[in-house]
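Below is one structure, written out as structure tokens, with a few remarks after it.
Convention: sequence-line order gives letters A, B, ...; per-chain numbering from 1.
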Number of protein chains: 2
Amino acid sequence: MRKTADPRADRRRRAERILDAAGELLVSWGYRRVTVDEVARRAGVGKGTVYLHFETKEALFLTVLMRSQLALAERFLDDIRRDPEAVLLSRIVATAFRWVHEDPILRAVLIGDTETLGTLSRSAPDVAGDILDERWRVVDAYLDVLREHGLVRADESREAQRHALGAIITGYLTADALMPPGGPDVEGRAAMLAHVVRAAFETPGDRAAVHTVVPRVVALYQHMLDRLRQEIGRRDLS
Amino acid sequence: MRKTADPRADRRRRAERILDAAGELLVSWGYRRVTVDEVARRAGVGKGTVYLHFETKEALFLTVLMRSQLALAERFLDDIRRDPEAVLLSRIVATAFRWVHEDPILRAVLIGDTETLGTLSRSAPDVAGDILDERWRVVDAYLDVLREHGLVRADESREAQRHALGAIITGYLTADALMPPGGPDVEGRAAMLAHVVRAAFETPGDRAAVHTVVPRVVALYQHMLDRLRQEIGRRDLS
DNA sequence: CGCGTGACCAGATTTCTCATCCGGTCACGA
DNA sequence: TCGTGACCGGATGAGAAATCTGGTCACGCG
């Protein structure tokens, strides 16, 4: 590896390389079968070097998972900054659905794919339970903001809406195994999902309130971003 | 067992007892751990007697699964005969959701619960694939009837609708593991599910067409009932 | 004589034992 | 000083041995 005048940046880059390698192997083989040795080899470092950055195999892979969620939150913020209507629930849900098809790690996280995650599914709540809770709090706060401003219907309880949303998204991510082969392509599914969410959760009419809620929604996702970065930093030994 | 003048009815009753016992044990222990000996014991017969009725362990349990689906189809028909509006998609979906909470076997079937079903999940498509296909054909035909009569929107493809429906129902049956504990009770969930389906799939306004579609929908479910009975009869050695 | 039964058997599954693997450590060498 | 891979002890995997279980059918009872 080419050295630069900044050893800190070099270490950062090396950590990213390790995380990239770990992510690729996680997707290919699943947590259980990936060895730290193989990650090291793929990243072009020695095994001991991995432990210079991450205290345990688990810490390494939990960081991989969080990075993935960070990327989604960043995507949301980008979209909203580009187009304020991207703040709408149907837009957020469709974005998440599309992103899941680009990032298999995120998919594994969202559906608790035990084949990919192995014992991480079980340890994550103990080790990072507060950030999992935070995620749901952000969803709740987001729904609240949109309900207040008439962008999400308020004639059903927020509890029922959150549950329904979770169920619908989960179903969209997992139902293939139970249905006949085929069906719409990813884009077709994203469109129908957006339609379902629009029809069932949003209100008809004027979207002027979008501009009012943007700063608040941005703050929520920024907060989530900060929390994820903080959690990632907490496991970084370099 | 008290004998009657009708040996055939006695045998029928004994088969039902065996099926009941098998169903209870399937729910408690899952297919893999239930032995035919235990089923026999619970039904109060000898193990060989079970084989007088069902050729294999698999045939016995496939019959248990089909009986469960039969009961759901019968429930649909009852509801529709009592109230023609029960033919609406949102009503059908809510009924199925509620019934699933009364019949854990049906739940296992609908979500392909491998813990409960074990190798039945794999063998069912080979052995009873035509009836699984039939189920989807009935769903398609049902959607077609309702679309034709303006009771389901026709501005999305039927393919997209069927997929969305499958995804939403699946999510409602499986998402609990991925969400924080709590949320609405069964009835609250059924209501929200009905609302989502109504908003996303149904058309506003006049329901007069309900009376027109009832005979056709009844025929579809009756046909499904007949097929299930036929399939059950095919595996009955008594 | 008809039929319900549970002992029997062979293949399937589980348990146990031993071999190998792998997470984490750290002495070594660049 | 720091990147490394050999090392070690606990975890996991593989294969052998033990046990279980689906299916069969000879037996005995009504």
Legend entry - A:D37 CG to D:dA6 P, straight-line distance once rounded to whole Å: 10 Å

Inset, instruction - Assess the side chains of A:Q230 and A:R227: does a donor N or O sit below 3.5 Å from an acceptor N or O? - result: yes

Inset, instruction - For A:K47, answer base if it contacts any base atom (sugar-phosphate contacts may also be present), sugar-phosphate if it contacts only those atoms, and nothing otherwise; contact means non-hydrogen atoms under 4.0 Å. - result: base

Legend entry - Interatomic distance where OH belongs to B:Y51 and P belongs to C:dC8 [whole Å]: 18 Å

Inset, instruction - Rounded off to whole Å, could you give me the CD-to-P distance for the B:E38 and D:dC20 pair? - result: 14 Å

Legend entry - Residue mapping more 5' on DNA chain C - nearest nucleotide basis, B:G44 or B:T119: B:G44

Legend entry - Along DNA chain C (nearest heavy atom to each residue), the more 5'-positioned of A:Y31 and B:G48: B:G48

Inset, instruction - Scan A:R41 against the nucleic acid and name what it touches under 4.0 Å (heavy atoms): base, sugar-phosphate only, or nothing. - result: nothing

Inset, instruction - Give B:V34 one of three labels, base, sugar-phosphate or nothing, depending on what nucleic acid heavy atoms sit under 4.0 Å from its own. - result: sugar-phosphate

Legend entry - Nearest-angstrom distance from the residue atom NZ of B:K57 to P of D:dG23: 8 Å

Legend entry - Whole angstrom value for the distance that separates P of C:dG24 from CZ of A:F61: 11 Å

Inset, instruction - I would like to know whether A:R42 and A:L25 meet side-chain contact (heavy atoms from CB on, under 4.5 Å); could you show each step before the answer? - result: CA-CA 9 Å; A:R42 197 177 179 97; A:L25 291 170; 3.7 Å; yes

Inset, instruction - Please report, rounded to the nearest Å, how far the C1' atom of C:dG23 is from the CD1 atom of A:I18. - result: 15 Å

Legend entry - Selection from D:dG23, C:dT13, C:dG23 that lies nearest to any side-chain heavy atom of B:R32: C:dT13

Inset, instruction - Check the distance between C:dT13's C1' and B:W29's CH2 and give it to me in whole angstrom. - result: 17 Å

Inset, instruction - In whole angstrom, give the distance that lies between atom CG of B:L52 and atom P of C:dG4. - result: 6 Å

Legend entry - Whether B:T170 side chain and B:G166 backbone form a donor-acceptor pair below 3.5 Å: yes

Legend entry - Carboxylate-amine/guanidinium contact A:E16 A:R13, below 4.0 Å: no

Legend entry - Options D:dG23, C:dG23, C:dT5, nucleotide nearest the side-chain atoms of B:T56: D:dG23

Inset, instruction - Would you indicate, yes or no, if D:dT21 has its OP1 or OP2 atom less than 4.0 angstrom from a side-chain nitrogen or oxygen of B:R33? - result: no

Legend entry - Under-4.0 Å salt bridge between B:D140 and B:R135: no

Inset, instruction - Remember a base hit wins even if backbone is also touched, and classify B:T35 as base, sugar-phosphate or nothing at under 4.0 Å, heavy atoms. - result: sugar-phosphate

